[in-house]
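Heads up, the thing below is written out as structure tokens.
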Amino acid sequence: KQEVTQIPAALSVPEGENLVLNCSFTDSAIYNLQWFRQDPGKGLTSLLLIQSSQREQTSGRLNASLDKSSGRSTLYIAASQPGDSATYLCAVEGNTGKLIFGQGTTLQVKP
Amino acid sequence: DAGVTQSPTHLIKTRGQHVTLRCSPISGHKSVSWYQQVLGQGPQFIFQYYEKEERGRGNFPDRFSARQFPNYSSELNVNALLLGDSALYLCASSLGRVPSITGELFFGEGSRLTVL
């Protein structure tokens, strides 16, 4: 059974700091891994999608890496801003079309 | 283009009642999935429908049911509501049954259900 864990559960940093969010999964047989952002009470916004054959994806100040063999992914946020404050969720997809999510990391960036 | 739309956005019910949640996928998308997100946790898969047939079911009791209509919109029904059903219910759509092959999964803003 696939399980996804995110560490830390919460993180508070001063503005401008670079930070790393971690995601681990127990079954390496995944099709892809996706990072989402969720603002309070809102839906999910996809940030980055990494296919199983890829090692990383970048979008602006965000960089996500994937190491299938070790069952790990990291989301790197450069030069954090108060607008980055949100909950970040990682999810893995197998061959069934359903996503299995971690519990999320709630990020607060202080001005 | 309109994204995934869900209704209602918020609703309050009492224990034992029934609720119907609605979802309209992105135009051209044939797959709709439902997820339940309890406060403080990640979303959990409930159902996937593709081409009007159930293609996947998560670990939820039979009180939960869903269907997909010819226009690919979908309804999620929950009977005999319990306090523990209070959650944000998210709908997601994709082009095909397996998003990793046919494209990404796009989520709606969700329906916030409170059971008193």
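Below, each value reflects all heavy atoms present in this structure, side chains not excepted, and no hydrogens, waters or symmetry copies. In the text below, chain A, chain B and the rest are named by the order of the sequence lines, each starting its count at 1. Treat the numbers as computed from the prediction; the structure is a model and nothing was measured.
Counting heavy-atom neighbours within 6.0 Å of B/Arg57 CZ, excluding the residue itself, gives a total above 12. Surrounding NZ of B/Lys52 are more than 12 heavy atoms belonging to other residues, nucleotides or ligands, all under 6.0 Å away. Annotation: A/Arg61, atom CZ; neighbour count of heavy atoms from other residues, nucleotides and ligands within 6.0 Å is above 12.
Taking CG of A/Leu89 as the reference point, atom CD of B/Gln37 lies at 6.5 Å (rounded to 0.5 Å). Atom CD of residue A/Glu93 and atom CZ of residue B/Phe45 lie 10.5 Å apart, to the nearest 0.5 angstrom. For the atom pair CD1 of B/Ile46 and NZ of A/Lys98, the computed distance is 12.0 Å after rounding to the nearest 0.5 Å. Separation of atoms CZ (B/Arg112) and NZ (A/Lys42) is listed at 11.0 Å; rounding is to 0.5 Å.
Cluster membership for B/Phe47 and B/Val32, using ILVMFWY side-chain heavy atoms within less than 4.5 angstrom, is shared. A continuous path of Ile, Leu, Val, Met, Phe, Trp and Tyr side chains, each step under 4.5 Å between heavy atoms, connects A/Ile30 with A/Ile50, placing both in one hydrophobic cluster. In the hydrophobic clustering of this structure, B/Leu83 groups with B/Leu113; members are Ile, Leu, Val, Met, Phe, Trp, Tyr whose side-chain heavy atoms approach within less than 4.5 Å, directly or through other members. Transitive grouping of hydrophobic side chains (ILVMFWY, heavy atoms separated by less than 4.5 Å) brings A/Trp35 and A/Leu62 into a common cluster. In this structure, A/Val4 is a member of the same hydrophobic cluster as A/Leu107, with clusters built from ILVMFWY side-chain heavy atoms closer than 4.5 Å.
The two residues B/Pro43 and A/Leu44 make their nearest non-hydrogen contact at CG-CD1, 4.0 Å. The shortest heavy-atom contact between B/Leu105 and A/Gln34 is O-NE2, 4.2 Å.
In this structure, A/Leu99 and B/Phe107 have side chains that are in contact, with non-hydrogen atoms separated by less than 4.5 Å.
Of the atoms belonging to A/Gln38, it is side-chain heavy atoms, and not backbone ones, that fall under 4.5 Å from chain B. In this structure, chain A has no heavy atom under 4.5 Å from any part of B/Gln44.
Contact residues of residues 60-72 of chain B toward chain A are absent (heavy-atom distance under 4.5 Å).
The ring pair (Phe, Tyr, Trp, His ring centres under 6.0 Å) pairs that include a residue from residues 88-111 of chain A are A/Phe36-A/Phe101, A/Phe101-B/Tyr35, where partners are two or more places apart or lie in different chains.
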